[in-house]
Every structure is written in C-alpha cells, then in structure tokens.
Protein chains: 4
Amino acid sequence: MAVKKGSGGVDAGRLKSFIQRIEKLEEERAGIGADIKEVFSEAKSAGYDTKIMRQVIRIRKMDKADREEQDELLTLYLNAVGE
Amino acid sequence: MAVKKGSGGVDAGRLKSFIQRIEKLEEERAGIGADIKEVFSEAKSAGYDTKIMRQVIRIRKMDKADREEQDELLTLYLNAVGE
Amino acid sequence: MAVKKGSGGVDAGRLKSFIQRIEKLEEERAGIGADIKEVFSEAKSAGYDTKIMRQVIRIRKMDKADREEQDELLTLYLNAVGE
Amino acid sequence: MAVKKGSGGVDAGRLKSFIQRIEKLEEERAGIGADIKEVFSEAKSAGYDTKIMRQVIRIRKMDKADREEQDELLTLYLNAVGE
DNA sequence: CCAACTGAACACGATC
DNA sequence: GATCGTGTTCAGTTGG
C-alpha cells in the first residue's frame, strides 16, 4: 500500500487536505465579511443610514435575480422557437 | 455646489460607491462559498462522509474560538486587577 | 360541518389554540429573561464585573457545546464504521 | 475572615452561585424555546403555514405593546388631571 | 455608539 | 423529484 490507511480504508492525509482547504476558504470568506463590515462602518461615519443601505442592496439583489430569471425564460422561449 | 446633491443633502455618488463596493465584496464572498461547496463535492466523490467532515470543521472552529475567548477573558481579568 | 371553518378550509379555532400556546410560552421565556437580568443586577450590586461574568458563562457554554459535539461526532464515526 | 476570599477581594463562592443561577435560568429558557419549536412543528404537521403564524404573533405582540403604551399615556394624563 | 445576543430567513442536503 | 428537516447566515434588539 503506497498510502497509509487506517482500518476503515480512509486516507487520512487526503481528508486532512480537504478539511484544510475548506478552512482556508472559510477564513477568506470571513475576511471579506470583515471588509464588508468596514465599508458599512465607513458609510455610517459618512452619515448614511446603514439599515436603509442594506435594504437597497437586498432589493437590487432581488431585482438582479428576477432579471436573470427573465433571461432564462427568454432563452427557454427562444430555444423552443428555434426547434 | 461642486457635488451634485439631492434635496436630502445626500451625496448620491458617494452612496452609490459604497453600495457598489459592498456588492462587489458580496459577490466575492459568494464565489468563495461556491468554492467551498465544490471541495465538499470533491471530498464526497472521494468517498468521504461530508456530514462528519462538517462536524470536524465545526468542532475545530469552536476550539479555536474557545481559545480566543479564554485569552480575552484573561485580558479582562488583568485589566480588572490593574484598576 | 362539525367544526367552523373559514373559506380557506382553515380551522381557525385550532390555529388560535396553537398561537395562544406559543404566546404563553414566549411570555414565560420573557419572564425568565427578566429573572436573568435581575441576577446580573444583584451580582453587579455585590461588586462583580458583569462583563467578565458574561464571558465566563459564554466560555462554559461553548465548552459544554464542544463536548456534546464531540460525542455526536463519535457516534457518527461509530455509525459510519458500523456500515 | 469568615468567608474565603482571594487576593482580589472576590468572594468566589458567591460568584459561583450567581453564575450557576444564571446558567440554570438559561437552561430553562432554552427548554421553553424547544417547546415553542415543537408547537410550531405540530402546527406545521396540521397544515398551517408557520411563516404566516410567526407574522401573526409578531403583529399581535406589537399591537399589545402599542396598547400598553397607550395605557401608560392615559395614566399619565389622568395623573396630570388628578393633580 | 459599539458589540453581543437573539430570532427569522434562507439554502442545502437527506430521504422517501 | 419533491418535501422535510437542519444548519448557516443575516437583520434586529438590547445591554454595556
């Protein structure tokens, strides 16, 4: 056996690698979360209402999702017609 | 007036900039979320139990948080004594 | 019709009962919250630093959660091996 | 000294008692939280939309708070007149 | 005013 | 494939 394995047939090294990759990514994600918080903080200092800002962002996200849905629908129609 | 403002005295351009920065960051964050999902998917294909993996990651995160809290607590104590 | 129903086919009486049960429980919970607040208040009057107390409680809670998660993880492993 | 004290002048026994009382109360509170969850679960099984139920409960709570505020205001007025 | 805690919404995976 | 339960994440509230 080239690779060390436990009785369960689990390659611990590979598992560890997976877990570390995920932990690394989660750290990055948390870092970005901190960045976002900072931007809100800046905006607040500049006198903006962050609660409203959040609403704006949420609405824009929904609109975007809507538009993408519409696009998908359009594609569907076009494909249907193209047949 | 050098900068265009609405009646509310809000600098719309600056607000827009803040919002766009946040939206950019949120996109990045979502991208990383997708990456994480992929790694789990890979691990699953390699025969690992993702449920267990998640639990392991959660415990490791809690351990880490625990240690950090202990440090904070120590600092608190020291400050309290220092008074 | 034995039971009065609205046009939506919803048994209003039963719904009301559910909601009242929940509201009752939420009141109880709020009451306990008030009790907790009082204890903190007492402790503060006795000269203790509530900030430190909260941190201690938080850490103890995390430790406990940690231990429970470890147990769950062990169970998961055993089940995985048992297959 | 009747009671054992550390150098910081902290009565550890009393502190411990406070913390245990709080932890006990928090457990009770968590128990009630679990009960609430169960009721929602029951309601769901009975075919009710829990999301809407939550809204109803929230609105009723706000109404109640409103009414209490009105009562306080009324009391204030009555007291003012009574003087 | 900042930070922690709580509760709600969402998204994902598991199961039938 | 759809529904169900669960876990994660986000917004709101409260306390320091």
Side-chain angles (χ1 to χ4, degrees), chain A residues 22 25-26 29-30 32-34 36-38 40-45 47 49-59 61-62 65, chain B residues 22 25-26 29-30 32-34 36-41 43-45 48-59 61-62 65 68-69 72-73 76 79-80, chain C residues 22 25-26 29-30 32-34 36-41 43-44 48-59 61-62 65 69 72 76 79, chain D residues 22 25-26 29-30 32-34 36-38 40-59 61-62 65:
Chain A
I22 290 167
L25 288 167
E26 289 197 341
R29 185 165 59 171
I32 294 178
I36 291 173
K37 226 162 129 181
E38 262 190 68
F40 272 116
S41 185
E42 259 187 75
K44 187 170 193 170
S45 300
D49 184 327
T50 57
K51 194 171 167 183
I52 293 179
M53 283 178 65
R54 285 176 196 278
Q55 282 181 347
V56 169
I57 290 166
R58 193 160 52 242
I59 290 169
K61 206 185 302 187
M62 283 178 59
Chain B
I22 290 167
L25 289 167
E26 288 197 340
R29 186 165 57 171
I32 294 177
I36 291 172
K37 226 160 116 180
E38 262 190 67
V39 178
F40 271 116
S41 184
K44 187 169 194 171
S45 300
Y48 295 104
D49 184 327
T50 57
K51 195 171 171 185
I52 292 179
M53 285 178 65
R54 285 177 196 277
Q55 192 109 350
V56 169
I57 290 167
R58 204 177 324 136
I59 290 174
K61 203 185 307 184
M62 287 185 63
E68 282 164 3
E69 297 248 307
E72 282 179 47
L73 183 57
L76 269 178
N79 287 338
Chain C
I22 291 167
L25 288 168
E26 290 198 338
R29 186 166 56 174
I32 293 178
I36 291 173
K37 227 160 116 179
E38 263 190 65
V39 179
F40 271 116
S41 184
K44 188 169 192 169
Y48 295 103
D49 184 327
T50 56
K51 194 171 171 185
I52 292 179
M53 284 178 66
R54 285 177 195 278
Q55 192 108 349
V56 169
I57 290 167
R58 204 178 324 136
I59 289 173
K61 203 185 306 186
M62 287 186 64
E69 297 250 307
E72 281 178 47
L76 269 178
N79 286 338
Chain D
I22 291 167
L25 289 167
E26 288 197 340
R29 185 165 59 171
I32 294 178
I36 291 174
K37 226 162 128 181
E38 262 190 67
F40 271 115
S41 183
E42 259 188 77
K44 185 171 194 171
S45 300
Y48 296 103
D49 184 327
T50 57
K51 195 172 168 183
I52 292 179
M53 284 178 66
R54 287 177 195 276
Q55 283 179 349
V56 169
I57 291 167
R58 194 160 50 242
I59 289 170
K61 204 184 305 184
M62 284 177 58

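In the text below, chain A, chain B and the rest are named by the order of the sequence lines, each starting its count at 1. On a predicted model such as this, the values are computed, not experimentally measured, just so you know.
- Neither OP1 nor OP2 of E:dA3 sits under 4.0 Å from any side-chain N or O of C:R54.
- Across all non-hydrogen atoms, the minimal contact from D:F40 to D:I57 is CZ-CD1, 4.1 Å.
- First and last contacts of DNA chain F with chain B, using any nucleotide atom under 4.0 Å from a protein heavy atom and ordered 5' to 3', fall at F:dT8 to F:dC10.
- The nearest whole Å value for the distance from the CD1 atom in A:I22 to the P atom in E:dC12 is 15 Å.
- Rounded to a whole Å, the CZ atom of B:R29 is 14 Å from the C1' atom of E:dA11.
- Looking at heavy atoms from C-beta onward, A:R29 lies in side-chain contact with A:E26 at the 4.5 angstrom threshold.
- When all heavy atoms of D:M53 and C:I22 are compared, the closest pair comes out as CE-CD1, 3.9 Å.
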Kindly indicate, with the supporting measurements, whether the criterion side-chain contact (heavy atoms from CB on, under 4.5 Å) is fulfilled by B:R58 and B:Q55.
CA-CA 5 Å; B:R58 204 177 324 136; B:Q55 192 109 350; 3.8 Å; yes

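- Contacts of D:K37 with the nucleic acid, taken as non-hydrogen atoms under 4.0 Å apart, are absent.
- For A:K61, no side-chain nitrogen or oxygen approaches OP1 or OP2 of E:dA9 to under 4.0 Å.
- Across all strands shown, B:K51 has no heavy atoms under 4.0 Å from either base or sugar-phosphate atoms.
- The distance from atom CE of D:M62 to atom P of E:dG7 is 17 Å, rounded to the nearest whole Å.
- Contact between the side-chain N/O atoms of C:R58 and the OP1/OP2 oxygens of E:dC5 is found at a separation under 4.0 Å.
- Contact between A:L25 and B:I32 at its shortest, heavy atoms only, is O-CG2, 3.3 Å.
- Positionally, the nearest nucleotide of DNA chain E for B:E72 lies more toward the 5' end than for the other of B:E72 and B:T50.
- Atom CD1 of C:I52 is separated from atom P of E:dA4 by 15 Å (rounded to the nearest Å).
- Nearer the 5' end of DNA chain F, as judged by each residue's closest nucleotide, is the contact made by A:E26, out of A:Q55 and A:E26.
- Summarising the geometry, atom CE belonging to C:M62 is positioned 5.5 Å from atom CD belonging to B:E69; distances are rounded to the nearest 0.5 Å.
- The distance from atom CD1 of B:I36 to atom P of E:dC12 is 12 Å, rounded to the nearest whole Å.
- One atom, CD1 of B:I57, and another, P of E:dC12, lie 16 Å apart when rounded to the nearest Å.
- Partners of D:K37 according to the side chain to side chain donor-acceptor pair (under 3.5 Å) rule, which considers only residues two or more places apart in sequence or in another chain, do not exist here.
- The interatomic distance linking B:E69 (CD) with E:dA3 (C1') rounds to 12 Å, in whole Å.
- In this structure, CD of B:E38 is placed 12 Å from P of E:dG13, rounded to the nearest angstrom.
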